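Structure first, then comments.
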Amino acid sequence: MTGAVQHDARERTDTVERAPGARRVQSGRRMLLIFSALALFAVAMLASAIAGHPTIDLTPEGATASPLPEERPTPTTTPGVPPAQEAGGSDAALVGIGIVLALIVSALVVLLLLWIVRRVIDLWRSRRLRTQPGAATDVEVEVVDAPAESEPDAPTVRRGIAAARDAIEAHPAPSDAIIAAWVGLEETAADSGVGRGVSETPAEFTLRILLRRPGIEQPAQQLLAVYEGVRFGGHQGSEQERALASRALALIEEGWR
């Protein structure tokens, strides 16, 4: 039972593998039949044009044909048609036959070229690609740990925070005092020894440096919000905002001790 099933499976596989070849053979036979029919038609038309009208000789073999009395030839004309037009009509028929034969031959040539191109494409698609064994190579993947980001220099950060506290009280105008204090912190972050990211703004970089110490996220965010409100908000800073920024700086300084 298993052998019969395997035999049927092999037959189906062979049928599937032979299907493209059988279709190509049938297509080639169909094109050959078309070429043959058109060629026979062209030959028949050419033969009929060359042979002209058939003549039948009814004289028995061995018999001598009796001479006919000489008669003066009389021109035969078709009523209403001059002789020159009759000759011109036969020439026009021959020209028409020649044109038809030329068209048939041109069609045969075009069909032949199309069949050749299609055959070449089929052969190209069904070609067997040669595979070459590749050389065995050993690829060693080295896992490199990302270098740890360096810590900012703590004494530099402490000095910068202390200078910001002095600036927040030194300027008479609250807006100038808040802006000067935060700009001083940005300069301190730049001098801390930590690299700034490519897409990182100075404010984001300064905040990242300040948050290296735990417990000061809220005052640092509050100080940045006051600075951005005064610098980019379009309003003058108030003494209340100065006091808020001063308290935030005091908490930041406490976290960096």
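The chain is numbered in sequence order, starting from 1. The model shown is predicted, which means the values in this text are computed figures rather than measured ones.
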Beyond-backbone contact of [X] with [Y], side-chain heavy atoms, under 4.5 angstrom:
X    : Y    : answer
F205 : I209 : yes
W182 : P202 : no
H235 : S175 : no
W256 : I216 : yes
P155 : V157 : no
V109 : S106 : no

Could you measure the distance from the [atom1] atom of [X] to the [atom2] atom of [Y]? Nearest 0.5 Å is fine.
X    : Y    : atom1 : atom2 : result
Q221 : L223 : CD    : CG    : 10.0 Å
L185 : I252 : CG    : CD1   : 6.5 Å
I99  : L103 : CD1   : CG    : 7.5 Å
I161 : R257 : CD1   : CZ    : 10.0 Å
E204 : E186 : CD    : CD    : 11.0 Å
E200 : T206 : CD    : OG1   : 8.5 Å

Can you run down the salt bridge (charged side-chain N to carboxylate O under 4.0 Å, His left out) pairs that involve residues 157-171, sequence neighbours left out, and say none if there aren't any?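 The answer is R165-E253.
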Start with the C-alpha distance between E239 and R242, add both sets of side-chain angles, then the distance that settles salt bridge (charged side-chain N to carboxylate O under 4.0 Å, His left out), and finish with yes or no. CA-CA 5 Å; E239 292 295 338; R242 185 207 294 262; 2.9 Å; yes
CD (E217) with more than 12 external heavy atoms under 6.0 Å: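 No - once you tally the heavy atoms of other residues, nucleotides and ligands closer than 6.0 Å, there are 12 at most.
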Could you tell me which non-hydrogen atom of I168 sits nearest to which non-hydrogen atom of A245, and how far apart they are?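 Answer, listing the atom of I168 first, then A245: CD1-CB, 4.0 Å.
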Identify the heavy atoms of A220 and L211 that sit nearest to each other, and give their distance. CB-CD2, 4.0 Å
Between E241 (side chain) and S238 (backbone), is there a donor-acceptor pair under 3.5 Å? yes
For H171, run the side-chain contact (heavy atoms from CB on, under 4.5 Å) check against I178, I179, D176 and tell me which one passes. D176
